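All values derive from a computational prediction rather than experimental measurement.
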Amino acid sequence: MPAAPPAARAAPSAFAPLRDPVFRMLWGTWMTANICMWMTDVAAAWMMTSLTSSPMWVALVQSAATLPVFLLGLPSGAFADILDRRRYFMATQFWIAVVASVLCAVVMSGLLTPVLLLAMCFANGIGLAMRWPVYAAIVPDLVPRPQLPAALALNGVAMNTSRIVGPLAAGAIIASAGTAYVFLLNAALSVVAGLVIMRWKHEQVPSPLGRERLSSAIRVGVQYVRQSDPMKAVLLRIALFFFHSTALLALLPLVARGMQGGGAGTFTLLLASLGAGAIATTLFLPRIRQRMPGETMVLCGTLLQAAAMAVVALAPNACVAAPAMFVAGTGWIATANSLTVAAQLALPDWVRARGMSIYQMSIMGAGALGAALWGQVATVGSVAASLLVAAASGAAAMMAAHARLAGRSQHEDLTPGEFRLPEVAAPPGPGRVEMAIEYCIDPGRAAEFSALMQESRRSRLRQGALAWELVRDAGHSGRYVERIVDESWTEHLRRLSRITTADVALRERKLAFHIGPVAPVVRRFIVESVLPS
């Protein structure tokens with residue numbers, strides 16, 4: 001084949017998605033929301049160091065803030081897939097505003113305790129748990145597919161710009177006015193962000209099949225991820241990365257206090273250096289992605305972040321630690337962006353919010369457990385020892401995962417495929433639906449056919465089927481029946497509407513085995529419950 005012209009090979013500009021006014025508006029809202037998040041995290045962590053000197057309590061601030069995403073991620077993702085995303089996104093900002101207002105009032109009244117602070121951090125984390133999946137599902141609808149990596153990288157810019165602006169603003173307010181006013185500003189900015197989202201002219205197109213039930217939506221979301229090898233590979237890698245790398249953020253307040261002349265200013269400088277490294281790297285990500293496979297970028301980014309964390313652990317002052325934090329930000333954004341792009345490409349639109357909520361659950365669950373573990377290690381040993389162990393074990397774990405999972409991140413074509421709804425005189429009554437497809441194949445190719453049908457099993461279950469099995473006719477060695485069970489007739493039609501281009505290609509591969517005089521016979525049965533007489 002002739003080589004592609006240079007224009008075709010060129011990567012989209014890192015800022016191309018910002019030309020779209022809707023993306024630009026929501027991206028600005030997302031940055032504001034993350035500034036509020038970092039202001040709250042910094043103020044809460046610093047407040048905890050004033051309430052107690054225990055490393056365990058300080059580390060638990062990070063756990064309390066992230067644990068709600070692990071606990072509530074699935075319902076949140078399901079709601080984001082079945083409710084109006086504009087209203088849902090807006091509601092999350094108003095929730096965060098209410099929590100920040102209550103926290104401000106408690107601080108001003110002098111009633112704050114370590115336990116109450118953790119409870120308020122948990123309540124604020126509920127807003128994060130609700131907000132992230134819906135925004136993750138919105139972004140792919142706003143930009144063309146070639147611009148998706150750049151859009152996700154810009155989300156990383158928003159996160160890391162907020163990592164600089166948020167701590168700087170929080171540090172300045174804490175030093176000049178007090179911690180309570182950080183929470184007050186957080187509440188005001190969250191209200192403004194909610195009002196901006198209200199301006200977004202977006203109408204949710206209702207499904208002709210009606211709204212999915214929450215329990216069914218959650219089941220299908222989990223089922224899709226369980227049957228997707230690319231998603232499982234991404235989830236393992238992201239969990240390993242955040243379980244170890246979160247040690248740096250969880251223990252950073254204590255690292256800053258332990259340095260020569262360390263204080264709130266040092267803590268803010270180190271956080272800002274981390275964010276600056278991530279932002280600077282974002283500009284080069286499109287070019288790096290052209291030259292380096294995503295899996296290799298994940299491994300290199302992890303090793304870079306681990307090496308930088310080890311330097312920070314041993315740094316005597318901020319002059320040494322700040323450049324190391326800059327490098328850590330470089331490794332952090334390279335790893336996180338590569339894995340986020342891989343997760344988005346592994347999910348079709350209909351399950352995107354649920355899949356990304358599970359992705360975020362892996363991040364936050366691993367981060368919460370990691371923060372608690374590395375805080376305990378620091379309590380028993382020292383902060384430096386905890387960071388060094390986290391760096392060494394994180395690098396070793398990612399190298400092992402890279403060797404074991406190589407090649408599992410290849411993605412199928414998940415664009416909607418052509419499908420034909422079954423023709424019935426009238427909608428059947430209640431009851432489960434069993435679909436049976438009869439194949440006649442060459443008995444000499446039975447092993448090949450059975451292997452291919454395992455792919456069919458994963459495909460049917462990803463679409464939402466309750467059960468799947470392949471049965472062979474005992475009296476005819478070449479006759480097989482594929483049986484798929486759906487929850488109801490509506491869910492049967494919903495599953496058919498989820499067929500992708502990859503599913504259509506799989507269907508053609510199955511039909512190539514069929515040697516009968518006519519096409520495979522398809523029958524549908526309604527499972528009726530028979531009461532004993």
Side-chain angles (χ1 to χ4, degrees), residues 34 37-66 117 121 159-160 162-171 174 179 182 241-278 305-333 336 367-368 370-379 381-391 394:
N34 282 295
M37 180 189 72
W38 278 105
M39 287 171 57
T40 298
D41 285 355
V42 169
W46 197 253
M47 178 67 73
M48 186 62 83
T49 63
S50 302
L51 297 174
T52 177
S53 60
S54 169
M56 186 64 181
W57 280 99
V58 175
L60 282 176
V61 171
Q62 185 81 3
S63 296
T66 56
L117 178 57
C121 289
M159 174 65 78
N160 288 285
S162 66
R163 183 177 279 141
I164 297 174
V165 175
L168 286 175
I174 291 171
T179 306
V182 175
F241 179 72
F242 273 88
F243 179 80
H244 295 91
S245 63
T246 196
L248 185 59
L249 285 178
L251 298 174
L252 198 59
L254 297 175
V255 171
R257 278 192 180 275
M259 290 181 176
Q260 298 173 5
T266 304
F267 179 45
T268 302
L269 173 64
L270 296 182
L271 270 179
S273 299
L274 184 73
Q305 191 277 337
M309 184 160 57
V311 173
V312 172
L314 301 174
N317 51 52
C319 294
V320 177
M325 291 294 291
F326 185 93
V327 175
T330 296
W332 200 298
I333 193 64
L373 173 64
W374 303 120
Q376 184 62 34
V377 173
T379 302
S382 66
V383 172
S386 182
L387 292 177
L388 289 173
V389 173

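- Side chains of T49 and F267 form no contact here, defined as non-hydrogen atoms less than 4.5 Å apart.
- G277 and T330 make their closest contact through O-OG1, 3.6 Å (heavy atoms, listed as atom of the first residue, atom of the second, distance).
- Counting heavy atoms from C-beta on, the side chains of P323 and V327 never come closer than 4.5 Å.
- Considering every non-hydrogen atom in both V182 and A170, the closest pair reads CG2-O, 3.8 Å.
- Here the straight-line distance linking atom CG of L252 with atom OG1 of T246 works out to 11.0 Å at 0.5 Å rounding.
- A pairwise comparison of heavy atoms in M309 and H244 identifies CE-O, 3.8 Å as the closest pair.
- In this structure, CG in L249 is found 8.5 Å from CZ in F242, a value given to the nearest 0.5 Å.
- A distance of 11.0 Å separates CG of L254 from OG of S382, quoted to the nearest 0.5 Å.
- Evaluation of the side chain to side chain contact (heavy atoms under 4.5 Å, CB included) rule for S386 yields L251, W374, V377, A378 as partners, not counting sequence neighbours.
- Take A44 and apply the side chain to side chain contact (heavy atoms under 4.5 Å, CB included) test, not counting sequence neighbours, and it matches V61, L117, C121.
- Residues A308 and A324 approach most closely at CB-O, 3.2 Å, considering heavy atoms.
- When all heavy atoms of A328 and Q305 are compared, the closest pair comes out as O-CG, 3.9 Å.
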Inset, instruction - Begin with the C-alpha distance, continue with both residues' side-chain angles, and end with the deciding distance and a verdict on side-chain contact (heavy atoms from CB on, under 4.5 Å) for L387 and V255. - result: CA-CA 10 Å; L387 292 177; V255 171; 3.8 Å; yes

Inset, instruction - Show your working on side-chain contact (heavy atoms from CB on, under 4.5 Å) between L388 and L314 and close with a plain yes or no. - result: CA-CA 9 Å; L388 289 173; L314 301 174; 3.9 Å; yes

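- Contact record, A65 with D41: CB-OD1, 4.1 Å, taken as the closest heavy-atom pair.
- At least one side-chain heavy atom of L248 sits less than 4.5 Å from a side-chain heavy atom of M325.
- Residues passing the side chain to side chain contact (heavy atoms under 4.5 Å, CB included) test with T266 are A256, M259, L270, A318, sequence neighbours excluded.
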